[in-house]
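Small disclaimer: the values here were computed from a predicted structure and weren't measured.
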Amino acid sequence: VLNGGCYGNGVGGSGKSETIKLIVEKLTTAKHFIFGCSFTHIAVANISKCFPKGAHTIQHFLLNKIPQIKRAVSKGHKVAIILDESSMIPMHFWGHLANLKFLSVEFYIFGDFAGQFKPIMLDGPEWNNMDTSDFMHDLCNGLKIEFKKYRRGDDFEHLKTVTSLYSNLVDFPEALHIARATYKDRNI
């Protein structure tokens with residue numbers, strides 16, 4: 001929080017959501033206006049409990065929350081945006097989000113680009129290097145955190161399955177086959 005932003009990278013179960021909770025607590029104590037966002041409704045539902053006023057999809061945020069941010073900044077308040085599942089965010093949204101940096105908005109971004117399938121609305125090859133790009137470095141004030149240790153209790157088999165898909169960089173049909181074989185009871 002002292003850095004005024006960060007990018008947190010790691011696979012599911014490595015502690016990103018817990019870190020989001022801690023950051024929200026610190027920012028709340030510091031009297032920041034805090035907005036939690038993600039691209040899909042499922043991802044929003046997963047992080048909403050971390051935020052006193054819930055989280056929003058990025059579309060809702062961009063269409064409805066910008067005036068609140070401008071008013072807060074004009075009154076001298078600090079504003080922070082916490083984005084989760086950043087690898088799902090299409091390229092064209094990043095430009096809109098980055099404009100908020102001109103209002104001194106702090107960005108705390110979490111995700112996992114390695115091994116992820118590209119978003120459906122991918123605009124270019126830049127996505128492959130997004131997490132290590134100068135753009136992300138500048139947006140997050142240069143702080144990148146790598147989450148490498150498994151921290152999600154008794155679901156270690158899930159982590160092993162997911163990381164095996166990442167390390168082999170399998171294509172979608174093969175990944176789907178592995179997921180269906182591993183999670184037979186989940187109707188994938």
Using the side-chain contact (heavy atoms from CB on, under 4.5 Å) criterion, which residues pair with [X]? Sequence neighbours excluded.
X    : result
L103 : I69, K70, V73, L100, V105
K144 : Y7, N9, D131, T132, E146
C50  : I20, K21
S17  : none

Should the ring pair F39 and F93 be called parallel, tilted or perpendicular, given that the plane angle runs from 0 to 90° and is split at 30 and 60?
tilted
Once ring-ring contact (aromatic ring centres under 6.0 Å, His included) is applied, do any residues pair with [X], and if so which ones, sequence neighbours excluded?
X    : answer
H77  : F33
F107 : none
F51  : none

What pairs with N141 under side-chain hydrogen bond (donor to acceptor under 3.5 Å, both in side chains), at least two apart in sequence or on another chain?
K101
Kindly write out the residues that satisfy side-chain hydrogen bond (donor to acceptor under 3.5 Å, both in side chains) with E25, not counting sequence neighbours, or none if the list is empty.
none
Between [atom1] on residue [X] and [atom2] on residue [Y], distance to nearest 0.5 Å:
X    : Y    : atom1 : atom2 : value
C37  : L97  : SG    : CG    : 7.5 Å
I47  : K16  : CD1   : NZ    : 12.0 Å
M88  : E85  : CE    : CD    : 4.5 Å
L27  : I82  : CG    : CD1   : 5.5 Å
Y108 : E106 : OH    : CD    : 4.0 Å
S87  : I109 : OG    : CD1   : 12.0 Å

Output a table of donor-acceptor pairs, distance under 3.5 Å, between side-chain atoms of residues 52-66 and any protein atom two or more places apart or on a different chain; print 'none' if there are none.
residue, atom, partner, partner atom, Å
T57, OG1, H60, N, 3.2
H60, ND1, N64, ND2, 3.1
N64, ND2, H60, O, 3.1
K65, NZ, Q68, OE1, 3.3

Listing request: all side chain to side chain donor-acceptor pair (under 3.5 Å) pairs with a residue in residues 38-49, at least two apart in sequence or in separate chains.
none
Could you walk me through whether F110 and I145 pass the side chain to side chain contact (heavy atoms under 4.5 Å, CB included) test, one step at a time?
CA-CA 9 Å; F110 294 85; I145 304 165; 5.6 Å; no
Between F147 and G15, what is the shortest heavy-atom contact and its length?
CE2-O, 3.8 Å
Side-chain contact, heavy-atom cut-off 4.5 Å: I23 with C6?
yes
Joint hydrophobic cluster, V44 plus I81, side-chain heavy atoms closer than 4.5 Å:
no
